[in-house]
There are 2 protein chains.
Amino acid sequence: MTDCATCVVRNRAICASLDADELALLGKLGRRHRLRAGHSLLWEGDDAPLVANVMDGVLKLAVAAADGREQIVGIVFPSDFIGRPFGKESPYSATAITDVEVCVFHRASFDDFTSAHPDLQHKLLRRTLDELDRARHWMMLLGRKSAEEKVASFLLEMSERLSGQACDADAQRGFELPFGRQQIADILGLTIETTSRQLTRMRANGLVDLPSRREIVINDRAAMEAIAG
Amino acid sequence: MTDCATCVVRNRAICASLDADELALLGKLGRRHRLRAGHSLLWEGDDAPLVANVMDGVLKLAVAAADGREQIVGIVFPSDFIGRPFGKESPYSATAITDVEVCVFHRASFDDFTSAHPDLQHKLLRRTLDELDRARHWMMLLGRKSAEEKVASFLLEMSERLSGQACDADAQRGFELPFGRQQIADILGLTIETTSRQLTRMRANGLVDLPSRREIVINDRAAMEAIAG
DNA sequence: CGAGAAGTTGAGTTATTTCAACACGTGTGG
DNA sequence: CCACACGTGTTGAAATAACTCAACTTCTCG
């Protein structure tokens, strides 16, 4: 049994809509679970018997082609929800990018619980609507933006989403990506070489500093926004 | 006042979850409205004071860049839902592609009604989850597929969604697109020329017939699926 | 310290875009 | 009924952004 009362993401996750009694009930359904970087929680095309809340770490949602091409279609941060409630196989895989801690539920029992708790369902609807907006916004990037615009947009979005709690200006200027270059390429629909070249060029122009492989410092946010288009 | 009892899409739209009394209530909130092809119901970035169900016709959801580039991020068919419940400005425009008949609600009153009717909310959640899956699937296409694969995938998806009611094999082989070439290009993240060339090539290979500008006949579905990847 | 993974850089190739001309079809007015 | 003009779609040639392949460099970690 899981102790929702001490959950680190409780006030940000969908569970925030529940009162103490409901939380206790939900706690009986959930199991905390650790996942090492590189391991998957859901597989594309497989029946998905579970849903989950992320407590710590980052996961990617990805679709793969037969020949190995991969497109990352979503990034899951702490307090985000993973999975496909109400039936259906999972249309994408969910794989841990860092070591991850999740709160896992059997899909069927979570579905039942959700149906009985309209507030939870409402919270889930709002989140899904937000995710849909984000996905559609990303479609514009994938379909119509140049490599340079893609990288600039990516850096700006990550600087915002990674700040999370600490949303002061400093945290947004410098941050550490949880992704390697190949993963950035898979998010942007580019090759690893093009991604690397764009970052190098931005560093040469003084737009960013790259203190280490995964650290990014945005020197000129306004210029970056102008490039992102 | 709108008469939901005689609505042509009632059993397919989200309203299907409602009983007679609830339908009558909802009917008081809704207004039927006609929209000519080319006119918009929502504008990107504007506050969206309404939501709607489509009764007849087709609309596009699109995101535009300052320089005129456009990406279509969703296609809305009869019985589909349009709009962004629960606040927020509309992140995309919704524009009629054919003449359209919609059932429009003030967003605020629709939100209230939804909150009071968990079944409706449940239906809305399921639809939003489906839309999210579709959008993510499309992200793979936009980010990783070649022009040929894009066009093949598009034709197959349209053959399925346009069949709608008449889902016999004939209706899926030949169908009439509600889009012009430019709109197909905006859906696929290509130029109009590339789109045209791919279609011409498919006709030359005997994969499709193009009896008129908007008609498509898929001759070899299996081959088309192989190309779509 | 050494080996392997991850990232960068360069040179050449290619898919897609861009720019421009042309074809088709349809509706209007002479 | 024909001519013409406009919107839409097609085709061709040239330009280019991004990809591919390959070598090299830099980190990371045992």
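All values below come from the heavy atoms of this structure, side chains included, with hydrogens, waters and symmetry mates left out. Throughout, protein chains are lettered first and strands after them, A, B, ... in sequence-line order, and every chain is numbered starting at 1.
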In terms of side-chain heavy atoms, does A:Ser79 have a donor or acceptor partner in A:Arg10 at a distance below 3.5 Å?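 Absent: no donor and acceptor within the cut-off.
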
Side-chain donor-acceptor contact under 3.5 Å, A:Ser146 with A:Glu149: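 There is such a pair (donor and acceptor under 3.5 Å, judged by atom type) between the side chains of A:Ser146 and A:Glu149.
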
Taking the nucleotide of DNA chain D with the nearest heavy atom to each, does A:Arg213 or B:Arg213 sit closer to the 5' end?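 Mapping each residue to its closest nucleotide by heavy atoms, the 5'-most match is B:Arg213.
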
Within 45° of the axis and under 6.0 Å from the centre of the six-membered ring of A:Tyr92, does NZ or CZ of B:Arg136 qualify?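 Yes.
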
Expressed in angstrom and rounded to an integer, what is the separation of [X] atom [atom1] from [N] atom [atom2]?
{"X": "A:Gln182", "N": "C:dG7", "atom1": "CD", "atom2": "P", "answer": "9 Å"}
{"X": "A:Ile97", "N": "C:dA6", "atom1": "CD1", "atom2": "P", "answer": "13 Å"}
{"X": "B:Phe179", "N": "D:dG9", "atom1": "CZ", "atom2": "C1'", "answer": "17 Å"}
{"X": "A:Arg69", "N": "D:dT20", "atom1": "CZ", "atom2": "C1'", "answer": "14 Å"}
{"X": "A:Gln183", "N": "C:dA6", "atom1": "CD", "atom2": "P", "answer": "9 Å"}
{"X": "B:Asp186", "N": "C:dT17", "atom1": "CG", "atom2": "P", "answer": "12 Å"}
{"X": "A:Leu177", "N": "C:dA6", "atom1": "CG", "atom2": "C1'", "answer": "15 Å"}
{"X": "A:Ile192", "N": "D:dC19", "atom1": "CD1", "atom2": "C1'", "answer": "13 Å"}

On DNA chain C, does the nearest nucleotide to A:Gly180 precede the nearest nucleotide to A:Arg144 from the 5' side, or the other way round? Give the residue.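 Closer to the 5' end of DNA chain C: A:Gly180.
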
Out of A:Lys145, A:Glu225, A:His137, which one pairs with A:Ser153 under the side-chain hydrogen bond (donor to acceptor under 3.5 Å, both in side chains) rule?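 Of A:Lys145, A:Glu225, A:His137, side-chain hydrogen bond (donor to acceptor under 3.5 Å, both in side chains) with A:Ser153 is met by A:Lys145 alone.
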
For a quick check of understanding: with a heavy-atom distance under 4.0 Å over all strands, which category does [X] fall into, base, sugar-phosphate or nothing?
{"X": "B:Thr194", "result": "base"}
{"X": "A:Leu190", "result": "sugar-phosphate"}
{"X": "B:Ser146", "result": "sugar-phosphate"}

On the side chain of A:Arg197, is there an atom forming a donor-acceptor pair with the base of C:dG10 - under 3.5 Å, no angle test?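 By the distance-only test, yes, there is a pair.
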
Between the base of D:dT8 and the side chain of B:Arg181, is there a donor and acceptor pair under 3.5 angstrom?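 Answer is no: no donor-acceptor pair is held.
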
From D:dT8, D:dA18, D:dC21, nucleotide with atom closest to A:Glu193 side chain: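 Of all the options, the side chain of A:Glu193 is nearest to D:dC21.
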
Name the closest nucleotide to the A:Ser196 side chain, picking from D:dG9, D:dC21, C:dT8.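 Among D:dG9, D:dC21, C:dT8, the one nearest the side chain of A:Ser196 is C:dT8.
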
Does C:dT18 have its OP1 or OP2 closer than 4.0 Å to a side-chain nitrogen or oxygen of B:Thr191?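 B:Thr191 to C:dT18 OP1/OP2: no side-chain N or O under 4.0 Å.
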
Salt bridge flag under 4.0 Å for residues B:Asp3 and B:Arg32: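 Judged by the 4.0 Å cut-off on N to carboxylate O distance, B:Asp3 and B:Arg32 do not form a salt bridge.
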
Stepwise salt bridge (charged side-chain N to carboxylate O under 4.0 Å, His left out) check, A:Arg201 with A:Glu148: CA-CA 9 Å; A:Arg201 204 151 73 92; A:Glu148 186 181 33; 3.4 Å; yes

Please list, in numerical order, the residues of residues 148-157 of chain B that have a heavy atom closer than 4.0 Å to any atom of DNA chain D.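 DNA chain D contact set from residues 148-157 of chain B: none.
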
When you look at A:Glu101 and A:Arg34, which way does the salt bridge (charged side-chain N to carboxylate O under 4.0 Å, His left out) test go after all the steps? CA-CA 5 Å; A:Glu101 193 175 346; A:Arg34 283 174 186 285; 3.7 Å; yes

Kindly say whether the aromatic ring centers of A:Phe110 and A:Phe81 come within a distance under 6.0 Å.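 Centroid distance A:Phe110-A:Phe81: below 6.0 Å, so yes.
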
